[in-house]
Number of protein chains: 2
Amino acid sequence: MAQPHELRERGLRLTPQRELVLKAVRTLGHATPEEVAEEVRKTHPGINLSTVYRNLETLENVGLVQHAHLGHGGVRYHPAEEEIHAHLNCEKCGAIIEVPLDATASFTQSLIDNYGFHTDLSHLAIAGRCEACFIKP
Amino acid sequence: MAQPHELRERGLRLTPQRELVLKAVRTLGHATPEEVAEEVRKTHPGINLSTVYRNLETLENVGLVQHAHLGHGGVRYHPAEEEIHAHLNCEKCGAIIEVPLDATASFTQSLIDNYGFHTDLSHLAIAGRCEACFIKP
DNA sequence: AACTATCTGCGAATTACCTGCAACTAGTGT
DNA sequence: ACACTAGTTGCAGGTAATTCGCAGATAGTT
């Protein structure tokens with residue numbers, strides 16, 4: 001009997017590709033599937049992009065990673081265990097500012113109170129302009 | 001000299017396609033380009049999807065419509081003159097709840113104060129669950 | 001070692017959106 | 001009314017991101 005492993009614990013097979021995809025997400029922080037693939041290819045050049053997509057989906061299903069929609073460029077994945085935060089995405093320079101969720105708590109609470117809407121701000125970026133880009137458009 | 005028209009006033013030619021695209025956005029409220037095309041085709045069956053895309057872009061450039069990223073499905077367009085609001089998008093049932101921006105003002109102000117980040121919440125939807133879907137997953 | 005469900009690689013399909021270009025036409029000047 | 005020209009349109013094709021089908025490979029079990 002194998003020792004418990006975070007992947008096997010969740011009913012997943014332990015393949016090199018899968019482990020590397022998870023590791024890449026943890027290394028990169030907020031990465032697109034394409035970036036994850038590139039990171040994985042450093043040690044496993046043959047990995048197919050479909051495999052990356054499928055593993056990201058699988059890993060999300062078991063709660064190890066999450067995706068968010070940050071700005072206009074596609075989806076980005078991040079590790080689920082990291083401190084949950086909202087993303088502020090500067091439309092001009094592309095910077096992503098992370099905001100701890102307690103800064104958003106009163107806002108999300110008011111949405112519940114007034115609209116019965118339960119939100120997860122970590123799921124997508126809030127678009128806008130960072131200080132620098134706001135001052136000098 | 002023609003009488004002023006909202007399109008011509010902005011330096012645009014007055015084509016049937018253009019007028020119909022604008023009218024469709026106003027009729028539909030929050031529509032994808034595809035939905036706009038379908039609406040336009042009710043009275044102008046021949047319109048090409050590219051024309052819809054180009055007109056949406058053009059109309060946005062002159063400030064008559066705006067786009068927002070609502071949830072996972074692509075971009076949606078809405079008339080610019082309507083009251084600006086944020087969108088709450090239920091991930092489960094797809095409902096879109098409109099929230100007047102003054103409900104979000106204190107939150108956006110705190111982002112400016114704490115992060116120097118100037119945001120436009122009308123530009124994209126906040127993901128979450130509406131009351132009904134929250135209670136019964 | 002054999003077995004089998006899961007997983008991977010690959011190629012093709014799909015979706016959403018964009019581009020180049022020739023033909024068309026709205027608005028202007030005559 | 002007629003011609004002119006730049007803004008527009010339709011069409012065909014292109015790209016980028018993501019998904020799918022399937023045959024072969026392989027992790028974990030017996």
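Note that the structure is a prediction, hence the values are computed from the model and not measured.
Across C:dA26, C:dT8, D:dT8, the shortest atom-to-atom separation from the side chain of B:Arg18 is found for D:dT8. Side-chain proximity of B:Pro33 to C:dA5, C:dT8, C:dC17: nearest is C:dC17. When distances are taken from the side chain of B:Thr15 to each of C:dA26, D:dG28, C:dG9, the shortest belongs to C:dA26.
Aromatic pair A:His67/A:His30: ring centres not closer than 6.0 Å.
Rounded to an integer number of Å, the gap from A:His67 NE2 to D:dT18 C1' is 13 Å. Atom pair A:Leu20:CG and D:dA27:P shows a separation of 13 Å (rounding to whole Å applied). For B:His5 and D:dG7, the NE2 to C1' distance is 16 Å, given to the nearest whole Å. Regarding A:Arg13, its CZ atom lies at a distance of 5 Å from the C1' atom of D:dA27, rounded to whole Å. When the C1' atom of C:dC24 is taken as reference, atom CD of B:Gln17 falls 10 Å away, rounded to whole Å. Look at CG on A:Leu56: it is 15 Å from P on D:dA17, rounded to the nearest Å. One can place CD of B:Glu19 at 12 Å from C1' of C:dA26, the figure rounded to the nearest angstrom. Atom CD of B:Glu60 and atom P of C:dC18 are 11 Å apart (whole Å).
Taking the screw axis at each terminus of the helix from C:dA1-D:dT30 to C:dT30-D:dA1 from five consecutive base pairs, the angle between the two is 20° to within rounding of 10 degrees.
Each of B:Leu12 and B:Glu34 lies near DNA chain C, and the nucleotide nearest B:Glu34 is the one positioned closer to the 5' end.
Within 6.0 Å of atom CD in B:Glu38, 12 or fewer heavy atoms from other residues, nucleotides or ligands are found, so the atom counts as exposed in its surroundings.
Taking the side chain as every heavy atom from C-beta outward, B:Val65 and B:Leu22 approach each other to under 4.5 Å. In this structure, B:Ile97 and A:Phe117 have side chains that are in contact, with non-hydrogen atoms separated by less than 4.5 Å. B:Glu35 has its side chain within reach of B:Arg76: a pair of non-hydrogen atoms, C-beta onward, lies under 4.5 Å apart.
Annotation for A:His78 and A:His87: closest pair NE2-CE1, 4.4 Å, computed over non-hydrogen atoms. Closest heavy-atom contact between A:Ala80 and A:Gly63: CB-O, 3.1 Å.
Contacts of residues 41-55 of chain A with DNA chain C (heavy atom under 4.0 Å): A:His44, A:Gly46, A:Ile47, A:Asn48, A:Ser50, A:Thr51, A:Arg54, A:Asn55.
Ion pair A:Glu6/A:Arg26 flagged as a salt bridge, since at least one NZ, NE, NH1 or NH2 atom sits closer than 4.0 Å to an Asp/Glu carboxylate oxygen.
By the side chain to side chain contact (heavy atoms under 4.5 Å, CB included) test, A:Tyr53 is found to be paired with A:Pro33, A:Leu49, residues two or more places apart in sequence or in another chain being considered.
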